[in-house]
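Below, chain A is the first sequence line, B the second, and so on; all start at residue 1. Quantities reported herein were computed from a predicted structural model and do not represent experimental measurements.
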There are 4 protein chains.
Amino acid sequence: MLQSPRQRRKDARPQELLDAALDLFVEKGFAATRAEEVAARAGVSKGTLYLYYPSKEELLKAVIRQHLGSEIAAGAEDVARHEGSAAQLLSELIVQWWLAVVESPASGVFKLIITEVRNFPEIAEFYVREVVEPGQRLIGQVLRRGIAHGEFREVDVDATVFSLVLPMIMLCLHKHSLAACTITGPDAPCPPAAPPLEPENFIRHHFDLVLRGLLAQPRADHADAASAVPATRTSRAQS
Amino acid sequence: MLQSPRQRRKDARPQELLDAALDLFVEKGFAATRAEEVAARAGVSKGTLYLYYPSKEELLKAVIRQHLGSEIAAGAEDVARHEGSAAQLLSELIVQWWLAVVESPASGVFKLIITEVRNFPEIAEFYVREVVEPGQRLIGQVLRRGIAHGEFREVDVDATVFSLVLPMIMLCLHKHSLAACTITGPDAPCPPAAPPLEPENFIRHHFDLVLRGLLAQPRADHADAASAVPATRTSRAQS
Amino acid sequence: MLQSPRQRRKDARPQELLDAALDLFVEKGFAATRAEEVAARAGVSKGTLYLYYPSKEELLKAVIRQHLGSEIAAGAEDVARHEGSAAQLLSELIVQWWLAVVESPASGVFKLIITEVRNFPEIAEFYVREVVEPGQRLIGQVLRRGIAHGEFREVDVDATVFSLVLPMIMLCLHKHSLAACTITGPDAPCPPAAPPLEPENFIRHHFDLVLRGLLAQPRADHADAASAVPATRTSRAQS
Amino acid sequence: MLQSPRQRRKDARPQELLDAALDLFVEKGFAATRAEEVAARAGVSKGTLYLYYPSKEELLKAVIRQHLGSEIAAGAEDVARHEGSAAQLLSELIVQWWLAVVESPASGVFKLIITEVRNFPEIAEFYVREVVEPGQRLIGQVLRRGIAHGEFREVDVDATVFSLVLPMIMLCLHKHSLAACTITGPDAPCPPAAPPLEPENFIRHHFDLVLRGLLAQPRADHADAASAVPATRTSRAQS
DNA sequence: AATGAATGAGGGTTCATTCAT
DNA sequence: AATGAATGAACCCTCATTCAT
């Protein structure tokens with residue numbers, strides 16, 4: 001039943017390579033990353049990479065495929081049969097789902113896609129089908145439900161989805177570009193690119209702000225529009 | 001006073017090269033763009049490029065420097081001594097400035113920065129100093145003024161700046177990645193990456209939404225929060 | 001006395017590897033053949049090949065050694081003590097020996113040698129010593145005997161050996177190059193590289209032609225100069 | 001009118017590269033020749049090769065195309081309207097044409113084709129169309145003419161063409177394989193692979209031998225069957 | 001003995017950069 | 001100033017060979 005160390009390593013290789021590739025592709029871009037670097041970061045030699053992926057380009061697609069299929073779209077549908085106000089449901093969807101994404105390696109995939117779609121148009125179709133459309137549909141449904149119940153104003157649903165979602169995506173990108181350049185500290189060579197705004201704080205604030213703009217019945221100023229959101233498991237440390 | 005056509009062409013060279021470089025770097029990424037391609041698109045030979053820029057990397061920095069110094073930050077300060085409500089001022093800042101940016105080639109610079117900062121950290125400092133901080137300070141001031149006057153709720157200023165601004169940046173990136181892959185039309189091989197949401201419609205809707213969340217005195221539902229914004233010169237055709 | 005199947009397979013390994021190697025080296029050339037392909041065709045794994053031969057180059061030498069020592073030179077000496085006319089003897093030597101060679105895998109060895117001697121000069125010596133010189137000596141003797149008996153004209157013996165032998169070698173090469181590319185049939189994509197001349201027909205015709213040029217007493221036109229040659233076991237099907 | 005040295009070099013490059021490639025491909029085989037070696041022998045750097053030929057494989061095809069179109073088939077047709085006996089015509093065709101080929105670099109092309117057709121089947125079609133078929137047709141016509149006039153016996157034309165031609169091809173191959181390995185001299189490390197038979201002597205002897213076998217009216221023994229052939233321009237020195 | 005995962009030197013090809021014209 | 005031929009370092013990928021299992 002026990003596998004040899006050799007076998008165990010072999011089984012883990014593809015994942016190790018994908019992880020290394022994701023890190024490097026996100027950091028330096030696909031074209032600027034050398035296949036040998038990916039191999040080295042995964043702890044293997046150049047040749048070994050090619051035992052598992054037939055080319056650097058296939059490796060890229062595998063990286064994207066893995067994270068789009070599972071991590072990003074995941075967890076969306078299972079909230080769909082939620083009960084309670086549309087605001088609460090929306091909060092769950094937005095805040096919780098996003099907290100899972102920012103802190104996970106999947107956050108880098110957004111940068112990868114933004115960066116590489118034009119060079120690899122196959123990726124576009126995949127991304128739209130797996131992420132953009134399901135996400136838009138899901139959040140759109142919640143908005144429409146809230147509007148139907150008189151909970152939300154009659155807004156342009158698509159535009160509102162964007163107002164909710166785009167800042168989150170943008171913060172993912174930021175995390176892997178400007179924010180990653182910045183060495184925080186008093187004597188950093190590079191000044192802080194942005195106030196070290198906590199992702200969680202920001203997302204709660206952002207959600208509250210947009211929700212207030214969305215509600216048909218404005219709430220009193222002192223009430224936190226997102227207060228219904230339970231304290232979540234905060235940001236697992238990233239590996 | 002008049003220069004020969006030859007002279008004129010020569011004077012235009014650096015700009016033509018910068019334009020070509022911006023287009024290509026934004027489309028394919030810095031590493032995946034060949035110096036010869038840039039030269040060819042600018043209508044000169046490979047060697048000529050090196051008469052004007054000592055290396056591909058310097059060309060990249062020149063591209064970014066040009067657009068950060070001038071176009072992106074432009075139009076910000078001149079609205080600063082505006083009179084009227086904070087909402088109106090904010091609307092001018094956000095809506096008008098952004099409409100100018102999104103249709104200009106400068107919109108691609110955001111993608112370029114997101115993509116390349118980690119490879120060229122000097123860019124980070126420059127970008128933060130020239131764009132991030134002034135922008136944040138400017139919008140922050142307007143927000144703080146509105147709060148001081150009781151026009152806005154007491155919000156986290158930095159977070160609110162982000163709520164306002166990040167979707168705009170994100171749409172710039174989108175324009176140069178997914179949106180550029182998509183061939184719109186009924187029988188497009190690639191499904192529309194996103195609803196063909198007009199940038200102007202979106203930004204007005206977004207501003208309205210956030211502004212409602214921001215105002216201390218909620219306005220009646222039928223009023224358009226951004227109604228004070230005059231119809232602007234819409235989108236200059238992109239070169 | 002009986003060996004287990006396992007044992008039998010094991011004993012057969014070296015031969016199976018040699019056969020596979022011969023096929024592939026002849027088809028694609030030594031440098032263009034991968035060691036793994038050889039192993040795969042022999043039904044073993046890459047590693048196993050190296051249990052039997054220390055390197056690809058040694059495998060090549062073993063292939064050549066095997067066929068030069070045994071198959072090609074074979075059949076030569078045992079005809080040497082033949083009785084009868086020099087013409088009959090020559091016919092036996094040329095026609096029969098060659099028929100055996102052309103249909104055997106050994107025919108490919110000629111291509112291999114032509115192709116690889118310059119990269120592996122050790123092969124040259126071996127080939128000259130094992131094949132060229134014995135063959136030349138043998139046929140030369142028969143020619144000299146015929147000349148001495150007044151049966152043949154007084155020709156340049158070495159040149160005549162070549163006239164007899166070179167076309168045969170050449171047909172071996174042809175068989176493994178152009179002829180192997182050609183898909184015969186009415187609608188072949190590639191036109192027949194040569195008339196599908198039967199090797200046996202050709203060799204008989206060739207021998208007859210040269211023999212007539214060789215004989216001191218020209219024979220009548222209708223007589224077949226090679227008629228003494230008994231009908232041979234025709235061409236075993238190649239494996 | 002005078003070109004710059006730069007321009008002159010550029011014009012000569014393709015030919016220099018083809019020459020270098022032919023030498024090396026013939027000597028070591030296509031797969032065993034490194035692109036850089038070809039470039040070095042042509043006196044340029046690795047990169048320069050790729051300015052003229054897009055890949056090593058295209059270089060191979062260019063090498064073959066050049067020599068098949070021009071040197072080999074050339075000079076054949078212009079003898080077709082020859083007057084005199086079929087034997088004389090045949091002698092011209094065979095002896096003269098071949099003397100031109102053996103001593104020219106084109107002789108190596110035969111080895112190249114034998115060696116590489118199976119890896120590059122496009123070459124087969126080209127070779128058959130440009131060399132095999134025209135050659136066979138040409139010599140076949142002469143033979144048929146001789147037969148019709150009663151000058152030759154009624155032989156199998158195709159087989160006879162082969163009897164005449166194959167030894168010549170074979171000597172070309174020999175020249176670039178075994179013969180090239182042999183360092184002639186008393187203390188050669190490698191024994192002479194074959195008697196240093198002069199190509200011209202051999203071809204005259206061979207033609208005489210086959211012609212005698214071909215003639216309907218056998219000639220007296222002392223007459224040289226090929227005596228009509230004028231002393232030819234002997235072998236131009238190879239470049 | 002047999003396997004096949006792993007290695008890393010090697011070779012094809014690209015491309016930033018130089019420089020003679 | 002402008003060109004584009006030439007260079008060679010660098011990168012992707014292959015494959016002969018090794019060795020732990």
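Looking at which nucleotide of DNA chain E each of B:P54 and D:P54 is closest to, the 5′-most match is held by D:P54. Projected onto DNA chain F by closest heavy-atom contact, A:F30 and C:A35 fall at different nucleotides, the more 5' of which corresponds to A:F30. If you find the closest nucleotide of DNA chain E to A:R13 and to D:G47, the one lying nearer the 5' end belongs to A:R13.
Of all nucleotides listed (E:dT17, E:dA6, F:dT17), E:dT17 comes nearest to the side chain of B:K56. In this structure, of E:dA5, F:dA2, F:dT17, it is E:dA5 that holds the atom nearest to the side chain of A:L51.
A heavy-atom distance below 4.5 Å is not found between the side chains of C:N119 and C:F30.
Look at CG on D:L49: it is 15 Å from P on F:dG8, rounded to the nearest Å. The nearest whole Å value for the distance from the NZ atom in A:K28 to the P atom in F:dA10 is 14 Å. Remark: C1' of F:dA16 and CD of C:E37 are 13 Å apart, rounded to the nearest angstrom. Between the CD atom of B:E58 and the C1' atom of E:dT18 there is a distance of 17 Å, rounded to whole Å. Protein atom CZ of A:R9 is 17 Å distant from nucleotide atom P of F:dC19, rounded to whole Å. Between the P atom of F:dA16 and the CD atom of C:E36 lies a distance of 9 Å, rounded to the nearest Å. One can place OH of B:Y53 at 17 Å from P of E:dT18, the figure rounded to the nearest angstrom. Atom CZ in A:R34 sits roughly 14 Å away from atom C1' in F:dC13 (whole-Å rounding).
D:P54 approaches D:E58 most closely through the heavy-atom pair CG-CG, 3.6 Å. Taking every heavy atom of both residues into account, B:L24 and B:T33 meet most closely at O-OG1, 3.2 Å. Contact between D:V117 and C:S177 at its shortest, heavy atoms only, is CG2-CB, 3.6 Å.
Residue D:S45 places at least one side-chain N or O under 4.0 Å from the OP1 or OP2 atom of F:dT7. When the side-chain nitrogen and oxygen atoms of D:Y50 are compared with OP1 and OP2 of E:dT14, none of them lie within a distance under 4.0 Å. For C:Y52, a side-chain nitrogen or oxygen approaches OP1 or OP2 of E:dA2 to under 4.0 Å.
Searching all strands for a Watson-Crick or G-U wobble partner of F:dT14 with both distances below 3.5 Å returns E:dA9. Using N1 to N3 plus N6-O4 or O6-N4 for Watson-Crick, or N1-O2 and O6-N3 for G-U wobble, each under 3.5 Å, F:dA1 pairs with nothing.
Among the heavy atoms of the strands lying under 4.0 Å from B:K46 is at least one base atom, whether or not backbone atoms are also near.
Electrostatic pairing of C:E37 and C:K28 counts as a salt bridge here, judged by a charged N lying under 4.0 Å from a carboxylate O.
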